Every structure is written in structure tokens, then in C-alpha cells.
Amino acid sequence: MSDYGVKVTYSGPILFLASGQWTHTFASLKERLPLRNLHWRSVSRPSVRSVQELDVELVSLESVRDEPSSQIPTTLLERPLLNIYFVTCEDADTYKTSVRKQIRDWHTPITQRKNQEWLICLVVRPDTEGTTKRLFQRGTVLDKIRADFNVPKRDRCVQLAWSVGSEDPAAWTDLISKMKEGIISSFDVNIIQREEEVKRSELQRQMPGWNFCTFFILKESLASSFDGMNLTEDALIQYDELEASFFQVLKEKNLSWFGQLGGTAPNDDSAPLLSVTKKPYRELILSNTITVFDFRSYLLARQCFLLARLGQLAEAAVKAERFITSFARTLRENKRDLSDFFLESWIYSAAIGVVNQCDAWADAASLEPPTMVSLNAAKAELLDLARSQLDKIGIRKGYLPSVHPFSMSLPSSDLESAQAPPPEPGEARISSADLIEALRGRDEFDRLYITTTNRTIQTFNSCSRRRFALKLHASLAALDDARQRHPSAHAVFASLPGHYVAQKWSSLEGFVLLRSMKCYPQLDRPKDKEWVTQAIAFLRAFVSHGDDQDGQAEESSDASFASMFGQEKINFITELVNGLRDAVSLDDELVVQSHPAFSLKLESESGRLLETEDGSTIDVTVVNSLPVGVSTSAVCFKVNGGGDELLFSSSGAEVSLPPGQTRLSLSCRQPKYNLEMQIPCAGIFKVGSSSIRVGKVTFEYSASSATNRTQKADKESRKITPQSQVLRLPRDDQALDVQLAFPDNVILDATPHLMLSVYTGRNHVTKATVGLRNPTDEVVFNIEEAEVCQGVPADLIAFSYESITIRDVPPNTTLRVNVPYSGVRLDTIKASSPESTNSSMTLMEFTVDSNDIQRQFTRSRQVSTALPLAVNVQDYFRGTNEVTNFKA
């Protein structure tokens, strides 16, 4: 009998079974098998179960034993569910004299068989159907058979009008329908009876003498019966309930029905996990000698096999992976009872075996693309689990260094022991052919490691889990590095970081960058632009990963940076920072946007006056999130307002930024001219960008990024509050000031003038040069024709085509000059609106003898040129007269 389907016996008169008619009838019946679309309506279940297809094995009645081969049969389908008696008879006299006795001789013992259905089939020729009734006879032969053998409310007699050459498919309809009805009826009775036996056994669980193994065999017979009927979901439910019962027994610590934990038999470490024939499991269960190892393996194999029949291959693979992982912990707790490398060999062989079995199932099925992707994802996890065992074996044998990424596969309890020298080479008592070959030497180990890793990478790629595949590429590059193949290792490491940036997988990004840069000394390469770029990216990953750990941990499979560095972290970060500062191979300045290593914020929205000289300072806090100090050549803060752009920067000396917070005072200058000077500015300014310069690398931060980012040097002392967006600079009444205004005296028909005023404040101006320019060139200033206002010494001021020169002006002196202009007559001249015609005082250079500071900057001024005259006209009407009143 096949593994699936039911038995149906046939019998009949000896002469009929030996005839050619029966031979053709039997062959035609088998052509109509398997049965299809059977529906099981049971009182024990709320819904109808449908069987799409059911194999039927037709066997001779004489070849079947009435008693089962075991007291508890493997399946209820071992015995026939239906017995059919085929007979041919053309008249009632023959029926009375011989045929009825033949049927009765078959019918009497058949009805004594427990829970088996029976059916009598009268085979007639199509041309004689309905003509077997003779004169003075009541009813046909079929009627007489029904009268003699049928029971009330159940018709078990059917007529088959068929002969050789008949092509009428409807002739078989009644027989096929009766067969379905009989099989389902017998199956239902058997299932109900067996379920009652299972319930009684379960209720006796707390009674002395109850045996879990016997209960398992009894309930498994239900699962096997459902499986044989193609009711796979019902079969799986039985095994799931058995698994729950086992865990309950395990919770109660009552394992007296089992032998030892197991795993000590030959080939236990390498036998296929999902094979149900590798051991006589049923006999071991019945004899109460099965080990926990064998029992769990058998139960898993049955469950996965049923999941595969349901087309749920991915679920089967996931279930197997979870079992391997969980049961491995049980084996690890009892590791002293197992041979050396047994656990690694079992996990490796089990995972590879499940993958191979899933491939075989997938080849035999037609899977939809989404299902195949899910299956490949589960297979990739199994292959990665197998690959991790090679990491453990390689470290223990000394084939691999106990460093990241290889050490990630080690349990935490094994990390310390892995740091010890590798054990002396010895013969491991394992049976896996792959691992035995790998243990012969480093070259053999590398071949298996590379093959397994590449297979895992390919499977990860097939399910679009690319970043997991990239992670394994890093493992292969680490192997190349360990084998002194540095060019190959560096090429792979250098190509990987970009793939991790989008996913924000900072730990892996940092690892590959770290390993790439550590290859540089072996490659005899200078710290070029590639090295600088990698160093900056590594510091970004380093700081970002630290932030993630302060909040929520990143992927559990990722080791921390500390495990990658060991004790070299401080030295390595210091080397990177010094390398960035001293890098001379950069041809151009390198600007890095929003790097998390640093952040800057204003301490206050208000700046401070210098008091002793012109200009303002602001106080800022710089946070260095690196674990080492950084020496920077400049710290700058840029603000904008009123058409002016100001840059507050540190002094020309190097500024040291230790880890954590550093408070600095920055002075104001104008970035366009790149001169060390103080600029007298006042008003409200919008915070623009900030920057920190290290060598030829400038770390630049926009105001928005500074607002949204919170850096942490530790959990409290280095926390940054949101960045202020406004800076207020107070007015310094003693600072040098330049104004452009409408003159006091205006002659309507004369050339228009603007009055330029220069106030020296506290400064002794040795020389000042002032130039005026309109941005749109619609207004031209005639500086050569400018005139000194009354009361101003003429020898202090000189005029040229482009500028006004002022010399040797003492402090607290105001100089006024009228400057004519020509062009479009304006109501306003507005420097801050380039779209309109306007006037702007553009450039002024001056030197103050008191402190030898040269200042060069730009001022924008808005000047109203409307006439300072208002005329009010009022009209009064008096009869026929109009009186007009003018007021100026």
C-alpha cells in the first residue's frame, strides 16, 4: 500500500472473478481512481472537511488480515474501510438458486468486522438493464438483493450497467458515489472511536501507570489517519497538540518514559534532521527507550513534513531553525556528555540538511514567487547558522583569530575561553564528512568556509536581503585579511561602507571602515583623500553607534565597537584625528556637512561689546563627541542680517577641544576679506552656519541641523539643548560709524546730493578710504565733485574718481561730506533690495593707531530722497467764489 490512501477489498463468485468480464471491469474501475471531492461531515467537528483527492488501493478480500498487526495500529487506515462484492446475475431463478447464497456467505463475516462498511455491486450488460423482470415476477434482481441484504435507511446495493466497449461515463456514477459514501462513513466511525480513546487516556494522565509514550502512539495514529486521508491540516493539529503535551511533561520534569538526553549514538551529529526513517522511532517509543534527542527530532520531522505537504515550506524551514537554536541550548547545558565538536557538527549538519530537504520539496512543487522569496529567507537564516558553526570551530582550532566578525558567533560564555591559546590538534569524534575534511588543515577549512559563506550570500541575495549578504562579504574580506591577502581584503572593505549608510547600520559600516584603514600600513599607501574620506566616515559611524547604544540597542547580532577595537580604541581614534589634521595629500579643502563628531550652540542670544575696542564677541559651546581631544585651527560661527554677513571666529592660535563641552569666545570679522579684525555691527541677526576646521577638513553645520541634532558625550553633562535661531548684537556708541543721509539744505533745481558722515568714536583713524556704488548702476556717484561740509577741516579729506580718503582724524570726530549723484531720480535708495535702483556704500578701509588693527568691511544703507516739504491745499466755496488756502 502507498503511504497515502485507503484500502478497499473486492470479492465475488469465483467464476466471475476468473472471467474476462471481471478483468475489464476491474481495469476500468482502477482508471476512475483516485476518488475526488469527498466531503466529511462529522458530529465531532463544526465544519465540513473536503478531500480533494484520495488514493484507493483495491485488494482482494482473501489477502487482508482482519486483525491489525499491532495492538495500537500506526494508522486507522491499515484495515479496509470498505468491502465490495461484485456479482453478475440475469434472472431471479439464478439468484434464488445460487447467487443469494454466495452473497450471504460473503455478507455474514463481513458484517462482523468492526467499523467497516460493505457494498454489493450487481454488474449487468447495458442492453439488459431493466429487462431482467420476467412475467409474473415482482421486481428486478437488484430489488431482490436490496430486499434480502439492505438495512433500513441505508442503501448498500448498486447496479453497474457496463460491458467491454461501453463508453458511457455515467454508468459508473452510482458505484463511485456509493464508494465515497461508504469510505467516509467508515472513516468517521473509526475517528470518533479513536478520539474517545485518546480523551480517556488523557484524562488518566495523573493516575499511576499512565505512560506518555503509549499516549503518543495512540494520538499519533489519529494524525497518520488524517494524513492518509489527505486531511493534512487535521494531522498537523494532532502533532502540535502532542508537542504541547510534551512541553507540559517537560515542565513537570517527569521524563521517566524517556531514556537519556541522547546524542551519543553513531551519526547523531550528522544524520538528516528531517528524516523519519533514520531510526526505528515507533519501536523506541513503544519500548520507552527513546531519548529526548531522538523524540524531539522525530516530532519535528513529522511536523515539517506536513507543513511541506501544505505548501508551507517557509514555515517548515523557520520551525526547523527555531528548533535547532532552542534545542542547541539544551545540548550545550549537557555538553559534558557529548563528544568534542558534537554540538557544532549537529547544528551545521541539521541546518544544511533542512536546506537540502527544502530544496528537494521546492523542486517537486510549483511555488509562487512570493512564497519562494519567503522560503529563501528562511533558508538563508539556516545557512548563516551553519556558517557560524565554522566560526566557532575555526577559532577553537586556531584557524581563525578570535576577533570581530568571527567572534560574533561565539556564545558569551565562550568568549573568555576563546582568548586562550588554541587546543592541541586532536581527532574529533564527529561523523560529518564536511567537517572531518575541514579539520584536516587550514586550507581545507578555508575551502568549506568560503563555499558555505558564498552559498549563504547567494541565498540572501535571492530574497532581497542584501545588507545581510554584504555583512558576509565583510566576513570573507576579514578571512583574506587574516590570511595576509591585504589587497583583496582592502578592495572589499573599501567597497562596502556605502551600502550601509542608507540603512543606518552604523556598526557594520564602522567595522568595514576600520578594517579597510587597518590595511593601509600593509599596502604602503599614504593617507590620501580616500583615507581621509574613510576616516571621516568611520568617525561618523563611531559616534552614531554610540548614540544608538545610549537609547535603544541596535541589531542584537552586531557586536559593539569595543569588541572590534579591544584596548586600541583611544589610540586608534587619536591616530585618525592626527591623520586628518596632518593630511597634506589633499589638493583642495574638504567640507563635511553635519558630522556628528562635533556640534556648536550659542550660549546666549545676546552678544557682548569689547568695550576697549570696536566689535563684539559671542560665547559658544562646542561639544566634542569623540573620546579623544581634537586640535582645531578655527572655530567659526556665521550670522546674517540687514544685508550684512558676519563671521565670529576663534583667534589665530590652535584651539584644543577635549572630549565633552568646551566654552569659547568668538570675535567678529567679515568673511569676504578673511582679515583678523573686529567689525562694529549692531542689530538682530539670523544664525546661519557654524564650522570647525581640522587641517584641510572643515566640519560645517547648518542652523537647522544644529537644532534637530542632540549630541551626547555622556548621559548628562554633554547634552545639547535646541539651537537658538537669533543673535542680538548691542550698539556701541563709541565705535566707528558711517551714515548716509539726505542733506540738511536742498536746492530744488540743483544737482541732488547725499551726505556721508563718518564718526571715529574711540578710534584714531590714520587713514580711511570710502567708496560708494549703486548695485544696479542706475545711479552714479560723482565723488570727485564732493564737497566738505561747513566746519570740517578740508585738509583731512581728499577726493578722487573712485573714493574719498580721510587721513589722521582724532577720536570722537565727525566728518561730513556732500556727495552729488546723477541718474534716475528716486524716492528711496534701498541697498537691501537689488531688484530696485538703490545706493550702497560698499567699501571702507581704515587703520586705527591705538591697536594697529586694519578693518575692511561693507555697509548697506537705505536713504530717503523725498523732498522735506509738505503742501496742504484747502478749497472753500462761498457762493460763486472759491477761496484756496495753501499751507507748507
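Computed from a predicted structure; not experimentally measured. Along the sequence shown, residues are numbered consecutively beginning with 1. In what follows, every heavy atom counts, from backbone to side chain, and hydrogens, waters and symmetry copies are set aside.
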N-O pairing of D148 and R104 below 4.0 Å: no

Test item: Q248 side-chain N/O and A244 main-chain N/O as donor-acceptor pair under 3.5 Å: no

query: Got a donor-acceptor contact below 3.5 angstrom from the K319 side chain to the C304 backbone?
result: no

task: May I ask you to check whether N230 and Q52 show a side-chain donor-acceptor distance below 3.5 Å?
output: no

field: Side-chain heavy atoms of W22 within contact of T88, under 4.5 Å
entry: no

query: Given the rule in the salt bridge (Lys or Arg N to Asp or Glu O under 4.0 Å) test, do E243 and R302 qualify, once you have shown the distances and angles that lead to the verdict?
result: CA-CA 11 Å; E243 184 180 37; R302 286 296 187 189; over 6 Å; no

- line: On a heavy-atom basis, the closest approach of C463 and V373 is CB-O, 3.5 Å

- request: With the side chain counted from C-beta on, respond yes when W106 and N83 share a heavy-atom pair under 4.5 Å apart, and no when they do not.
  value: yes

Presence of salt bridge, E181 and R154, under 4.0 angstrom: yes

message: Using 0.5 Å steps for rounding, measure from the CD1 atom of I183 to the CG atom of L54.
response: 6.0 Å

Validation row: V51, F187 side chains within 4.5 angstrom (heavy atoms): no

task: Mind running side-chain contact (heavy atoms from CB on, under 4.5 Å) on Q193 and N190 for me, showing each step along the way?
output: CA-CA 5 Å; Q193 180 179 327; N190 279 278; 5.6 Å; no

message: Does Q458, at its CD atom, have more than 12 non-hydrogen atoms belonging to other residues, nucleotides or ligands within less than 6.0 Å?
response: no

message: For R322, give me all partners under side-chain hydrogen bond (donor to acceptor under 3.5 Å, both in side chains), at least two apart in sequence or on another chain.
response: none

- prompt: Mind checking whether Y85 and P13 have side chains closer than 4.5 Å, heavy atoms only?
  reply: yes

task: Applying salt bridge (Lys or Arg N to Asp or Glu O under 4.0 Å), run through E90 and R125 and close with a yes or a no.
output: CA-CA 9 Å; E90 296 184 356; R125 294 192 303 273; 2.6 Å; yes

Sidechain-backbone polar pair: S462 side chain, T459 backbone, donor-acceptor under 3.5 Å: yes

- request: Run the salt-bridge test on E233 and R49 with the 4.0 Å N-O cut-off and return the result as yes or no.
  value: no

message: Side chains of D227 and Y239: any donor to acceptor distance under 3.5 Å?
response: no

task: Inspect the contact between R156 and E117 and indicate whether a charged nitrogen and a carboxylate oxygen are less than 4.0 angstrom apart.
output: yes

- line: Looking only at heavy atoms, the pair that brings A301 and V276 closest together is CB-CG1, 3.6 Å

- prompt: Okay, side chain of T289, backbone of I285: is any donor-acceptor separation there less than 3.5 Å?
  reply: no

- prompt: Can we say R194 and E197 salt-bridge, meaning some charged N sits less than 4.0 Å from an Asp/Glu carboxylate O?
  reply: yes

message: Just by distance, no angles: are the side chains of T140 and D143 close enough, under 3.5 Å, to form a donor-acceptor pair?
response: yes

Heavy-atom donor-acceptor pair, R113 side chain to P109 backbone, under 3.5 Å: no

message: Ignoring hydrogens and geometry beyond distance, is a side-chain donor-acceptor pair present between W40 and D188 at under 3.5 Å?
response: yes

message: Can you confirm whether T264 sits close enough to F342 that some side-chain heavy atom of one is under 4.5 Å from a side-chain heavy atom of the other?
response: no

message: Using modelled atom types and a 3.5 Å cut-off, is there a donor and acceptor pairing between side-chain atoms of S186 and backbone atoms of L81?
response: yes

query: Sub-3.5 Å donor-acceptor pair from the side chain of S374 to the main-chain atoms of P370, do we have one?
result: yes

- prompt: So which heavy atom on A92 is nearest to which on K144, and how close?
  reply: CB-CE, 3.7 Å

- request: Determine yes or no for a side-chain-to-main-chain donor-acceptor pair under 3.5 angstrom, with S225 supplying the side chain and L76 the backbone.
  value: yes

message: Contact between T325 and L385 at the side-chain level, heavy atoms closer than 4.5 Å - yes or no?
response: yes

Minimum heavy-atom distance between W361 and L274, given as atom pair plus value: CH2-CD1, 3.9 Å

- prompt: side-chain contact (heavy atoms from CB on, under 4.5 Å) between L299 and F216: does it pass, once the steps are laid out?
  reply: CA-CA 10 Å; L299 184 57; F216 179 90; 4.2 Å; yes

- prompt: ring pair (Phe, Tyr, Trp, His ring centres under 6.0 Å) with Y10: which of F86, F26, F16?
  reply: F26

query: Does CG in L15 sit with more than 12 non-hydrogen atoms of other residues, nucleotides or ligands closer than 6.0 Å?
result: no

message: Determine whether a donor-acceptor pair (N or O, by modelled atom type, separation under 3.5 Å) exists between the side chain of S349 and the backbone of W346.
response: no

query: Under the 3.5 angstrom rule, does the side chain of T25 hit a backbone N or O of Q21 as a donor-acceptor pair?
result: yes

- request: Please report the C-alpha distance between V123 and W162 in whole Å, then the side-chain angles of each, then the deciding distance to 0.1 Å, and finally whether the side-chain contact (heavy atoms from CB on, under 4.5 Å) criterion is met.
  value: CA-CA 7 Å; V123 182; W162 183 87; 5.6 Å; no

Side chains of L33 and L35 in contact at under 4.5 Å (non-hydrogen atoms): yes

field: No-hydrogen, no-angle side-chain donor-acceptor test under 3.5 Å, R332 and T330
entry: no

query: Minimum heavy-atom separation for S297 to F323, with atom names?
result: N-CZ, 4.3 Å

query: Do S270 and S431 have side-chain atoms, one donor and one acceptor, less than 3.5 Å apart?
result: yes

query: Would one find more than 12 heavy atoms of other residues, nucleotides or ligands at under 6.0 Å from atom CD of E283?
result: yes

field: Carboxylate-amine/guanidinium proximity below 4.0 Å for D174 and K178
entry: no

- request: For residues S11 and E62, determine if any side-chain heavy atom of one lies less than 4.5 Å from a side-chain heavy atom of the other.
  value: yes

field: Shortest non-hydrogen contact from L142 toward C157
entry: CD1-CB, 4.1 Å

message: Testing the 3.5 Å rule here: is there a donor-acceptor pair between the side chains of Q303 and D240?
response: yes

No-hydrogen, no-angle side-chain donor-acceptor test under 3.5 Å, S28 and R32: yes

